[in-house]
Trainee: 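Got a structure here, written out as structure tokens. Questions coming.
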Amino acid sequence: MAAPVTIRIQDADFDIAAEIDALSHGRSEIGAVVSFTGLCRGRDDGREVAALTLEHYPGMAEAEIRRHVDTALARWPLSAVTVIHRVGRLVPGDRIVLVVTASAHRQAAFAAAEFLMDYLKAHAPFWKRQERADGSAWVEAHQHDDAAAARWEKQ
Amino acid sequence: MAAPVTIRIQDADFDIAAEIDALSHGRSEIGAVVSFTGLCRGRDDGREVAALTLEHYPGMAEAEIRRHVDTALARWPLSAVTVIHRVGRLVPGDRIVLVVTASAHRQAAFAAAEFLMDYLKAHAPFWKRQERADGSAWVEAHQHDDAAAARWEKQ
Amino acid sequence: MRVKYFAWVRERIGKDEDDFEPPAEVRTVGELIGWLAQRDDNYAAAFERPQVIRAAIDQCHVQADAPIAGAREVALFPPMTGG
Amino acid sequence: MRVKYFAWVRERIGKDEDDFEPPAEVRTVGELIGWLAQRDDNYAAAFERPQVIRAAIDQCHVQADAPIAGAREVALFPPMTGG
């Protein structure tokens, strides 16, 4: 059976437990499920953040995530993958992104989830704008995110 | 603030979303939450498994998990950690173990969750007995689990 | 050819896309960026640091030396900050 | 001194703990295992492969050469299979 893949980009919040259940229910070959949830933080680089607005490139964002999920499926023995990325305005504590990976064993699930998050950070066409006390500003890309994504090339 | 730690060993099932909420709600310094859920598989080594019974060493199990959580807290900048391990009889698809780690950034949350799972597998005093078509048998420890735990010593 | 803009590139230009037929000597993404930067002050502001601009052709990431011949959609944007 | 057994060690012995005062020449965990293995057939079966037996003293993992002097609780069990 081909591993089921769910990719969604949406304004609405998501339910972590429901997504984990949807991907693992009734599939007794799954022994390990790893979830990563990214949350909007109230401070960044020492400055208070009132809100984030997330913009994306419709069409390419889904396609780019799909390409990376396919890479993960080719690389690790995964049973299922779900990626959900929210867009729009979010406030501190709000969920931004969810990656769920399932496998028979934990190593594959952990590695694939971390790989997908590293690639999402560096390559998926999303942009964050912060509302701060000193005005509003686009978040700068971090070099360490490029480095985190690049380490998967070497292995 | 010291990172809140929750450790529970219980017969009852757990609710992943409720545990993630309990650990992250209202804490806007958390940017990343990683969860690992271990599930009872219906096959192991090619043989059908009807059920698992988990036995533990009361007192030592909690203490041993706490020691490893403390090691993780000293090693990574974590905001919170939850570990729940079920005992008793479980059937395929049932949840066995939950590890949740929270941090400002994803690398610490991923590394700590993987570290804790590797240590739980190799060092926490729990034992699994499988009910199979050919009778009932204690699960043998895997050398690769010892190797997975040992790799954290070198770093 | 449709050219799409995102994030602060979009904001500085003041719109989210254009339809262009660039002259024949504009062969690569990098040359397209240089050509756009000369249109007016808004485009000049959007592309004042061409080395930080990222690009996609038909929704796949490309480098500045990628040829634009045959492209239906070119997108120009800052480094991504998703996840 | 309380000695606790888990998993198949417990099953082969047929109980989950004993209270013992081992003789003075039994100084280490390894010597305790050897002494127990001579008690009867059940203990002998539980400890027929002493090299796979894991041990804890007062709820901390120890090696076979750990001294048992002063221990309140010694636990003997197979390799762990949790998680």
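These numbers come from the heavy atoms of this one structure, side chains and all, not from hydrogens, waters or symmetry mates. Lettering follows sequence order; numbering is per chain, from 1.
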Trainee: Could you tell me which portion of Ile96(A) (side chain, backbone, both or neither) has an atom closer than 4.5 angstrom to a non-hydrogen atom of chain B?
Mentor: neither
Trainee: Which atom pair, heavy atoms only, marks the closest approach of Leu39(B) to Ile30(A)?
Mentor: CB-O, 3.5 Å
Trainee: Yes or no on side chain to side chain contact (heavy atoms under 4.5 Å, CB included) for Arg106(B) and Asp145(A), after CA distance, side-chain angles and deciding distance?
Mentor: CA-CA 11 Å; Arg106(B) 70 188 184 286; Asp145(A) 284 329; 3.2 Å; yes
Trainee: Tell me, yes or no, whether the heavy-atom count around Gln10(B) atom CD, taken from other residues, nucleotides or ligands under 6.0 Å, exceeds 12.
Mentor: yes
Trainee: Search all heavy atoms of Glu29(B) against all heavy atoms of Arg41(A) and return the closest pair with its distance.
Mentor: O-CD, 3.5 Å
Trainee: By a 4.5 Å heavy-atom criterion (distance strictly below it), what part of Ser24(B) contacts chain A: side chain, backbone, both, or neither?
Mentor: side chain
Trainee: Chain A heavy atoms under 4.5 Å from Ala113(B): which part of the residue, side chain, backbone, both or neither?
Mentor: both
Trainee: Between His142(A) and chain B, which part of the residue has a heavy atom less than 4.5 Å away: side chain, backbone, both or neither?
Mentor: neither
Trainee: So for Ile20(B), is it side chain, backbone, both, or neither that comes closer than 4.5 Å to the heavy atoms of chain A?
Mentor: side chain
Trainee: Would you check if the distance from the ring center of Phe36(A) to the ring center of Phe110(B) is below 6.0 Å?
Mentor: yes
Trainee: What are the residues of residues 118-132 of chain A, in order of number, with any heavy atom under 4.5 angstrom from a heavy atom of chain B?
Mentor: Asp118(A), Lys121(A)
Trainee: Hey, which of Ser35(B), Ser28(B), Ala17(B) has the most heavy atom pairs under 4.5 Å with chain A?
Mentor: Ser35(B)
Trainee: Mind ranking Arg43(A), His25(A), Gln107(A), Met117(A) by heavy-atom pairs under 4.5 Å with chain B and telling me who comes out on top?
Mentor: Met117(A)
Trainee: Among the options Cys40(B), Ala109(B), Ala148(B), Ala104(B), pick out the one with the most heavy-atom pairs lying under 4.5 Å from chain A.
Mentor: Ala104(B)
Trainee: Let's test your reading of the structure: which of Gly26(A), Pro92(A), Gly42(A), Gly38(A) forms the most heavy-atom pairs below 4.5 Å with chain B?
Mentor: Gly42(A)
